[in-house]
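A note on names: the letters A, B, ... follow the listed sequences, proteins ahead of strands, and every chain is numbered from 1. In what follows, every heavy atom counts, from backbone to side chain, and hydrogens, waters and symmetry copies are set aside. The structure displayed is predicted, hence computed values, not measured ones.
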2 protein chains.
Amino acid sequence: MPGKTINPEEWLTALNESGIRVTAVQETLIDIFAHSGYPLSAEEAWEIARQSRPQTGRATVYRMVEKLENLGLIRRVHGYQGCSHFVPTLPELMMLFICLSCGRADYLDSQPLEDLIQHSEHTSGHHITDSRLQLFGDCRACQENA
Amino acid sequence: MPGKTINPEEWLTALNESGIRVTAVQETLIDIFAHSGYPLSAEEAWEIARQSRPQTGRATVYRMVEKLENLGLIRRVHGYQGCSHFVPTLPELMMLFICLSCGRADYLDSQPLEDLIQHSEHTSGHHITDSRLQLFGDCRACQENA
DNA sequence: TCCTTATTGATACATAGTATCAATAAGGAT
DNA sequence: ATCCTTATTGATACTATGTATCAATAAGGA
(Lines give C-alpha, C1' and ligand atoms only; values in the text may rest on other atoms or scores of the structure.)
Protein backbone atom coordinates (compact mmCIF):
# COMPACT_ATOMS: atom_id res chain seq x y z
CA MET A 1 0.00 0.00 0.00
CA PRO A 2 1.57 3.34 -0.97
CA GLY A 3 2.38 5.57 2.00
CA LYS A 4 2.96 9.29 2.23
CA THR A 5 5.90 10.19 4.44
CA ILE A 6 6.30 12.17 7.67
CA ASN A 7 9.11 14.55 8.60
CA PRO A 8 10.14 13.88 12.25
CA GLU A 9 12.02 17.21 12.32
CA GLU A 10 8.74 19.10 11.89
CA TRP A 11 7.24 17.22 14.81
CA LEU A 12 10.14 18.16 17.06
CA THR A 13 9.76 21.77 15.99
CA ALA A 14 6.03 21.70 16.72
CA LEU A 15 6.62 20.19 20.17
CA ASN A 16 9.31 22.73 21.07
CA GLU A 17 7.27 25.67 19.86
CA SER A 18 4.43 24.56 22.14
CA GLY A 19 6.79 25.03 25.09
CA ILE A 20 7.73 21.37 25.59
CA ARG A 21 11.37 20.58 26.33
CA VAL A 22 13.46 18.50 23.98
CA THR A 23 14.13 15.10 25.53
CA ALA A 24 15.42 11.73 24.40
CA VAL A 25 12.02 10.14 24.94
CA GLN A 26 10.43 12.68 22.63
CA GLU A 27 12.73 11.85 19.77
CA THR A 28 12.38 8.13 20.37
CA LEU A 29 8.57 8.22 20.31
CA ILE A 30 8.38 10.59 17.38
CA ASP A 31 10.52 8.22 15.37
CA ILE A 32 8.37 5.27 16.38
CA PHE A 33 5.06 6.86 15.40
CA ALA A 34 6.34 8.68 12.34
CA HIS A 35 7.78 5.52 10.78
CA SER A 36 5.09 2.98 11.60
CA GLY A 37 2.93 2.00 8.63
CA TYR A 38 0.10 0.77 10.83
CA PRO A 39 -1.77 2.03 13.91
CA LEU A 40 0.18 1.74 17.18
CA SER A 41 -1.12 1.71 20.75
CA ALA A 42 0.68 3.47 23.61
CA GLU A 43 1.49 0.05 25.02
CA GLU A 44 3.02 -1.10 21.72
CA ALA A 45 4.98 2.13 21.41
CA TRP A 46 6.29 1.54 24.95
CA GLU A 47 7.55 -1.94 24.00
CA ILE A 48 9.31 -0.58 20.92
CA ALA A 49 10.78 2.34 22.86
CA ARG A 50 12.31 0.04 25.46
CA GLN A 51 14.24 -1.81 22.76
CA SER A 52 16.46 1.26 22.31
CA ARG A 53 15.82 2.90 25.75
CA PRO A 54 15.13 0.13 28.30
CA GLN A 55 14.58 2.59 31.16
CA THR A 56 11.66 4.29 29.35
CA GLY A 57 8.69 4.63 31.72
CA ARG A 58 5.19 3.53 30.88
CA ALA A 59 3.49 6.69 32.07
CA THR A 60 5.95 8.78 30.09
CA VAL A 61 4.81 7.12 26.89
CA TYR A 62 1.14 7.71 27.72
CA ARG A 63 1.93 11.35 28.50
CA MET A 64 3.81 11.85 25.25
CA VAL A 65 1.04 10.18 23.26
CA GLU A 66 -1.41 12.60 24.86
CA LYS A 67 0.77 15.58 23.92
CA LEU A 68 1.21 14.38 20.36
CA GLU A 69 -2.55 13.89 20.08
CA ASN A 70 -3.32 17.31 21.58
CA LEU A 71 -0.95 18.93 19.10
CA GLY A 72 -2.70 17.03 16.31
CA LEU A 73 0.48 15.23 15.26
CA ILE A 74 -1.08 11.80 15.75
CA ARG A 75 -4.72 10.75 15.51
CA ARG A 76 -6.68 8.05 17.27
CA VAL A 77 -7.99 5.22 15.10
CA HIS A 78 -11.51 4.16 15.98
CA GLY A 79 -13.18 0.86 15.32
CA TYR A 80 -11.62 -2.51 14.63
CA GLN A 81 -8.80 -3.48 17.04
CA GLY A 82 -10.22 -1.10 19.62
CA CYS A 83 -9.87 2.65 20.03
CA SER A 84 -6.40 2.85 21.54
CA HIS A 85 -4.29 2.94 18.38
CA PHE A 86 -2.77 6.00 16.77
CA VAL A 87 -1.50 7.01 13.34
CA PRO A 88 0.48 10.06 12.28
CA THR A 89 -1.70 12.94 11.09
CA LEU A 90 -1.16 14.04 7.53
CA PRO A 91 -2.41 17.63 7.12
CA GLU A 92 -5.41 17.96 4.82
CA LEU A 93 -5.62 14.19 4.49
CA MET A 94 -7.85 13.00 7.27
CA MET A 95 -9.88 10.23 5.66
CA LEU A 96 -8.33 7.07 7.01
CA PHE A 97 -8.63 3.62 5.47
CA ILE A 98 -7.58 0.58 7.53
CA CYS A 99 -7.02 -2.76 5.79
CA LEU A 100 -8.62 -5.60 7.73
CA SER A 101 -6.17 -8.09 6.16
CA CYS A 102 -2.75 -6.48 6.62
CA GLY A 103 -3.63 -3.83 9.20
CA ARG A 104 -1.97 -1.02 7.32
CA ALA A 105 -3.37 2.50 7.15
CA ASP A 106 -3.88 4.55 4.00
CA TYR A 107 -4.81 8.19 3.83
CA LEU A 108 -7.39 9.23 1.25
CA ASP A 109 -8.08 12.66 -0.16
CA SER A 110 -10.44 14.31 2.30
CA GLN A 111 -12.26 16.63 -0.11
CA PRO A 112 -15.32 14.32 -0.28
CA LEU A 113 -15.54 14.43 3.52
CA GLU A 114 -15.44 18.22 3.54
CA ASP A 115 -18.21 18.28 0.97
CA LEU A 116 -20.25 15.83 3.03
CA ILE A 117 -19.87 17.94 6.18
CA GLN A 118 -20.91 21.12 4.39
CA HIS A 119 -23.96 19.37 2.92
CA SER A 120 -24.96 17.88 6.30
CA GLU A 121 -24.65 21.24 8.03
CA HIS A 122 -27.12 22.76 5.59
CA THR A 123 -29.68 19.97 5.74
CA SER A 124 -29.55 19.38 9.53
CA GLY A 125 -29.08 22.88 10.90
CA HIS A 126 -26.34 21.65 13.24
CA HIS A 127 -23.02 23.46 13.40
CA ILE A 128 -20.37 20.80 12.74
CA THR A 129 -16.96 21.57 14.25
CA ASP A 130 -15.21 18.20 14.11
CA SER A 131 -15.49 14.77 12.53
CA ARG A 132 -14.18 11.24 12.69
CA LEU A 133 -14.26 9.03 9.59
CA GLN A 134 -12.74 5.60 9.31
CA LEU A 135 -13.09 3.23 6.38
CA PHE A 136 -12.42 -0.50 6.62
CA GLY A 137 -11.99 -3.27 4.04
CA ASP A 138 -9.39 -4.99 1.87
CA CYS A 139 -6.67 -2.78 0.45
CA ARG A 140 -5.69 -2.93 -3.21
CA ALA A 141 -2.46 -4.83 -2.50
CA CYS A 142 -4.23 -7.50 -0.44
CA GLN A 143 -6.85 -7.93 -3.16
CA GLU A 144 -4.12 -8.49 -5.75
CA ASN A 145 -2.30 -11.00 -3.53
CA ALA A 146 -5.51 -13.01 -3.00
CA MET B 1 -33.26 17.97 18.87
CA PRO B 2 -35.73 15.84 16.89
CA GLY B 3 -35.37 12.10 17.45
CA LYS B 4 -36.52 9.13 15.44
CA THR B 5 -37.97 6.35 17.55
CA ILE B 6 -37.04 2.73 18.20
CA ASN B 7 -39.39 -0.24 18.55
CA PRO B 8 -38.19 -2.42 21.46
CA GLU B 9 -40.40 -5.27 20.24
CA GLU B 10 -38.34 -5.57 17.07
CA TRP B 11 -35.17 -5.82 19.12
CA LEU B 12 -36.60 -8.65 21.21
CA THR B 13 -37.62 -10.42 18.00
CA ALA B 14 -34.12 -9.97 16.54
CA LEU B 15 -32.51 -11.33 19.71
CA ASN B 16 -34.80 -14.33 19.87
CA GLU B 17 -34.37 -15.16 16.21
CA SER B 18 -30.61 -15.24 16.73
CA GLY B 19 -31.12 -18.08 19.21
CA ILE B 20 -30.87 -16.00 22.39
CA ARG B 21 -33.31 -16.78 25.17
CA VAL B 22 -35.82 -14.21 26.39
CA THR B 23 -34.84 -13.03 29.86
CA ALA B 24 -35.76 -10.18 32.17
CA VAL B 25 -32.31 -8.61 31.80
CA GLN B 26 -32.77 -8.52 28.04
CA GLU B 27 -35.97 -6.57 28.23
CA THR B 28 -34.56 -4.22 30.87
CA LEU B 29 -31.47 -3.37 28.83
CA ILE B 30 -33.33 -3.07 25.55
CA ASP B 31 -35.66 -0.54 27.15
CA ILE B 32 -32.71 1.38 28.58
CA PHE B 33 -30.84 1.65 25.29
CA ALA B 34 -33.88 2.11 23.07
CA HIS B 35 -35.21 5.02 25.08
CA SER B 36 -32.02 6.93 25.85
CA GLY B 37 -31.58 10.08 23.77
CA TYR B 38 -27.83 10.17 24.32
CA PRO B 39 -24.95 7.68 24.18
CA LEU B 40 -24.79 5.28 27.15
CA SER B 41 -21.85 3.25 28.44
CA ALA B 42 -22.24 -0.31 29.73
CA GLU B 43 -21.44 0.98 33.19
CA GLU B 44 -24.17 3.64 32.98
CA ALA B 45 -26.64 1.07 31.66
CA TRP B 46 -25.75 -1.15 34.62
CA GLU B 47 -26.53 1.65 37.08
CA ILE B 48 -29.88 2.32 35.43
CA ALA B 49 -30.71 -1.39 35.25
CA ARG B 50 -30.13 -1.85 38.99
CA GLN B 51 -32.72 0.82 39.76
CA SER B 52 -35.44 -1.57 38.61
CA ARG B 53 -33.49 -4.87 39.03
CA PRO B 54 -30.97 -4.46 41.89
CA GLN B 55 -29.58 -7.97 41.49
CA THR B 56 -28.49 -7.31 37.90
CA GLY B 57 -24.88 -8.43 37.41
CA ARG B 58 -22.18 -6.25 35.91
CA ALA B 59 -20.83 -8.91 33.55
CA THR B 60 -24.35 -9.65 32.35
CA VAL B 61 -24.72 -6.07 31.16
CA TYR B 62 -21.39 -6.17 29.33
CA ARG B 63 -22.40 -9.48 27.71
CA MET B 64 -25.73 -8.10 26.59
CA VAL B 65 -24.13 -4.95 25.22
CA GLU B 66 -21.78 -7.16 23.21
CA LYS B 67 -24.71 -9.17 21.85
CA LEU B 68 -26.68 -6.07 20.95
CA GLU B 69 -23.62 -4.66 19.19
CA ASN B 70 -22.93 -7.91 17.33
CA LEU B 71 -26.53 -7.98 16.13
CA GLY B 72 -26.12 -4.37 14.99
CA LEU B 73 -28.92 -3.15 17.25
CA ILE B 74 -26.65 -0.66 19.01
CA ARG B 75 -23.52 1.09 17.71
CA ARG B 76 -20.41 2.31 19.48
CA VAL B 77 -19.89 6.07 19.50
CA HIS B 78 -16.28 7.04 18.86
CA GLY B 79 -14.52 10.23 19.85
CA TYR B 80 -15.50 12.71 22.49
CA GLN B 81 -16.36 11.22 25.87
CA GLY B 82 -14.28 8.12 24.99
CA CYS B 83 -15.20 5.09 22.92
CA SER B 84 -17.31 3.15 25.39
CA HIS B 85 -20.74 4.67 24.72
CA PHE B 86 -23.49 3.19 22.57
CA VAL B 87 -26.53 4.45 20.70
CA PRO B 88 -29.39 2.49 19.11
CA THR B 89 -28.83 1.71 15.43
CA LEU B 90 -31.38 3.13 13.02
CA PRO B 91 -31.30 1.10 9.78
CA GLU B 92 -30.04 3.05 6.78
CA LEU B 93 -29.30 6.00 9.03
CA MET B 94 -25.72 5.59 10.09
CA MET B 95 -24.34 9.11 10.06
CA LEU B 96 -24.27 10.11 13.68
CA PHE B 97 -24.09 13.66 15.00
CA ILE B 98 -23.21 14.25 18.66
CA CYS B 99 -23.85 17.65 20.23
CA LEU B 100 -20.90 18.76 22.35
CA SER B 101 -23.17 21.02 24.41
CA CYS B 102 -26.11 18.80 25.36
CA GLY B 103 -24.62 15.40 24.54
CA ARG B 104 -27.59 14.24 22.53
CA ALA B 105 -27.28 12.16 19.39
CA ASP B 106 -28.94 12.90 16.07
CA TYR B 107 -29.07 10.63 13.05
CA LEU B 108 -28.53 12.17 9.64
CA ASP B 109 -29.44 10.80 6.25
CA SER B 110 -26.60 8.50 5.23
CA GLN B 111 -26.88 8.87 1.46
CA PRO B 112 -23.93 11.31 1.33
CA LEU B 113 -21.80 8.76 3.18
CA GLU B 114 -22.73 6.01 0.75
CA ASP B 115 -21.77 8.30 -2.13
CA LEU B 116 -18.47 9.14 -0.45
CA ILE B 117 -17.65 5.45 0.05
CA GLN B 118 -18.40 4.59 -3.57
CA HIS B 119 -16.26 7.50 -4.76
CA SER B 120 -13.37 6.55 -2.48
CA GLU B 121 -13.49 2.93 -3.60
CA HIS B 122 -13.04 3.99 -7.20
CA THR B 123 -10.22 6.46 -6.61
CA SER B 124 -8.24 4.35 -4.11
CA GLY B 125 -8.74 0.82 -5.44
CA HIS B 126 -9.50 -0.45 -1.94
CA HIS B 127 -12.57 -2.58 -1.30
CA ILE B 128 -14.49 -0.82 1.47
CA THR B 129 -16.70 -3.11 3.54
CA ASP B 130 -17.41 -0.99 6.62
CA SER B 131 -17.23 2.57 7.88
CA ARG B 132 -17.48 4.72 11.00
CA LEU B 133 -18.50 8.34 10.72
CA GLN B 134 -19.10 10.64 13.62
CA LEU B 135 -19.83 14.34 13.43
CA PHE B 136 -19.46 16.72 16.39
CA GLY B 137 -20.55 20.29 17.06
CA ASP B 138 -23.45 22.36 18.36
CA CYS B 139 -26.92 21.10 17.55
CA ARG B 140 -29.59 23.40 16.17
CA ALA B 141 -31.48 23.55 19.48
CA CYS B 142 -28.37 24.52 21.44
CA GLN B 143 -27.53 27.21 18.91
CA GLU B 144 -31.01 28.71 19.27
CA ASN B 145 -30.81 28.64 23.08
CA ALA B 146 -27.46 30.44 23.06
C1' DT C 1 -43.30 -31.53 35.90
C1' DC C 2 -38.77 -32.87 34.62
C1' DC C 3 -34.44 -32.19 32.13
C1' DT C 4 -31.14 -30.08 29.46
C1' DT C 5 -28.61 -26.25 28.71
C1' DA C 6 -28.13 -21.20 27.98
C1' DT C 7 -27.92 -17.44 30.97
C1' DT C 8 -26.99 -15.19 35.18
C1' DG C 9 -24.44 -13.09 39.15
C1' DA C 10 -20.33 -13.15 41.92
C1' DT C 11 -15.68 -13.16 41.90
C1' DA C 12 -11.31 -12.82 40.27
C1' DC C 13 -8.53 -11.40 36.74
C1' DA C 14 -6.75 -8.61 32.68
C1' DT C 15 -6.07 -4.52 30.16
C1' DA C 16 -6.02 0.54 29.51
C1' DG C 17 -5.18 4.74 31.41
C1' DT C 18 -4.20 8.27 35.44
C1' DA C 19 -2.27 10.40 39.86
C1' DT C 20 1.55 10.97 42.88
C1' DC C 21 6.08 12.04 44.02
C1' DA C 22 11.01 11.81 44.58
C1' DA C 23 14.86 11.78 41.25
C1' DT C 24 16.62 13.53 37.07
C1' DA C 25 17.97 16.52 33.47
C1' DA C 26 17.02 20.81 30.25
C1' DG C 27 18.37 25.05 29.50
C1' DG C 28 18.65 29.86 31.09
C1' DA C 29 21.26 32.75 34.54
C1' DT C 30 25.67 33.63 36.42
C1' DA D 1 31.74 25.87 32.71
C1' DT D 2 28.72 25.73 36.86
C1' DC D 3 24.63 26.60 39.33
C1' DC D 4 19.57 26.92 39.78
C1' DT D 5 15.02 26.55 38.67
C1' DT D 6 11.60 23.81 37.10
C1' DA D 7 9.57 20.70 33.57
C1' DT D 8 10.05 15.99 32.71
C1' DT D 9 10.90 11.36 33.92
C1' DG D 10 10.34 6.64 35.95
C1' DA D 11 8.41 3.88 39.60
C1' DT D 12 4.53 2.86 41.98
C1' DA D 13 0.02 2.69 43.17
C1' DC D 14 -4.41 3.43 41.83
C1' DT D 15 -8.82 3.83 38.92
C1' DA D 16 -11.60 2.52 35.10
C1' DT D 17 -12.99 -0.58 31.73
C1' DG D 18 -13.57 -4.99 30.07
C1' DT D 19 -13.11 -10.41 30.29
C1' DA D 20 -12.84 -15.37 32.12
C1' DT D 21 -14.51 -18.72 35.34
C1' DC D 22 -17.88 -21.28 37.56
C1' DA D 23 -21.59 -22.66 40.56
C1' DA D 24 -26.49 -21.36 40.79
C1' DT D 25 -30.52 -20.22 38.29
C1' DA D 26 -34.15 -20.26 35.07
C1' DA D 27 -35.99 -20.85 29.99
C1' DG D 28 -38.44 -23.67 27.36
C1' DG D 29 -38.91 -28.17 25.01
C1' DA D 30 -39.85 -33.27 26.13
Round to the nearest Å and state the distance from [X] atom [atom1] to [N] atom [atom2].
{"X": "A:Leu29", "N": "D:dT8", "atom1": "CG", "atom2": "P", "answer": "14 Å"}
{"X": "A:Glu47", "N": "C:dT15", "atom1": "CD", "atom2": "P", "answer": "12 Å"}
{"X": "A:Trp46", "N": "D:dG10", "atom1": "CH2", "atom2": "P", "answer": "11 Å"}
{"X": "A:Lys67", "N": "C:dG17", "atom1": "NZ", "atom2": "C1'", "answer": "16 Å"}
{"X": "B:Ile20", "N": "C:dT5", "atom1": "CD1", "atom2": "C1'", "answer": "15 Å"}
{"X": "A:His78", "N": "C:dA16", "atom1": "NE2", "atom2": "P", "answer": "16 Å"}
{"X": "A:Glu44", "N": "C:dG17", "atom1": "CD", "atom2": "P", "answer": "11 Å"}
{"X": "A:Arg21", "N": "C:dA25", "atom1": "CZ", "atom2": "C1'", "answer": "8 Å"}

Using the rule given for salt bridge (Lys or Arg N to Asp or Glu O under 4.0 Å), can you reason through B:Arg76 versus B:Glu69, listing the C-alpha separation, both sets of side-chain angles and the distance that settles it, and then say yes or no? CA-CA 8 Å; B:Arg76 193 179 288 269; B:Glu69 190 189 15; 3.6 Å; yes

What's the spacing between A:Gln111 CD and A:Met95 CE if we round to 0.5 Å?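 The distance works out to 10.5 Å.
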
Out of curiosity, A:Phe136 CZ to B:Arg132 CZ, how far, rounded to the nearest 0.5 Å?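 If we round to the nearest 0.5 Å, A:Phe136:CZ and B:Arg132:CZ are 5.5 Å apart.
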
Looking at A:Thr23, does any N or O in its side chain come under 4.0 Å of the phosphate oxygens OP1/OP2 on D:dA7? no

Under 4.0 angstrom between B:Thr60 side-chain N/O and C:dG9 OP1 or OP2: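 Looking at the OP1 and OP2 atoms of C:dG9, one of them is under 4.0 Å from a side-chain N or O of B:Thr60.
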
Across nucleotides 11-25 of chain D, 5' to 3', mark each nucleotide with B, S or - according to how protein heavy atoms within less than 4.0 Å reach it. B-----BBBBB----

Once side-chain contact (heavy atoms from CB on, under 4.5 Å) is applied, do any residues pair with B:Glu121, and if so which ones, sequence neighbours excluded?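 B:Glu121 satisfies side-chain contact (heavy atoms from CB on, under 4.5 Å) with B:His127, B:Ile128 only.
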
What is the minimum heavy-atom distance between B:Val61 and B:Ala45, and which atoms define it?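 It is CG1-CB, 4.2 Å.
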
For DNA chain D, stems built from three or more consecutive Watson-Crick or G-U wobble pairs below 3.5 Å: C:1-30 with D:1-30

Looking across every strand, which nucleic acid part, if any, lies under 4.0 Å from A:Arg50 by heavy atom: base, sugar-phosphate, or nothing? nothing

Test item: side-chain donor near acceptor, B:Glu114 and B:Ser110, under 3.5 Å: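 There is such a pair between these side chains.
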
Just checking, is any N or O donor in the side chain of B:His126 or A:Asp106 under 3.5 Å from an acceptor N or O on the other one?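 The criterion, which ignores hydrogens and geometry beyond distance, is satisfied for A:Asp106 and B:His126.
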
Should the heavy atoms of other residues, nucleotides or ligands under 6.0 Å from CD of A:Gln55 be counted, would the total exceed 12?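 Yes - once you tally the heavy atoms of other residues, nucleotides and ligands closer than 6.0 Å, there are more than 12.
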
So that I can tick it off, tell me whether A:Asp138 and A:Arg140 are bridged by a salt bridge, with the cut-off set at under 4.0 angstrom between side-chain N and carboxylate O.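 Here A:Arg140 does not pair with A:Asp138 in a salt bridge, since their nearest N and O are not under 4.0 Å apart.
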
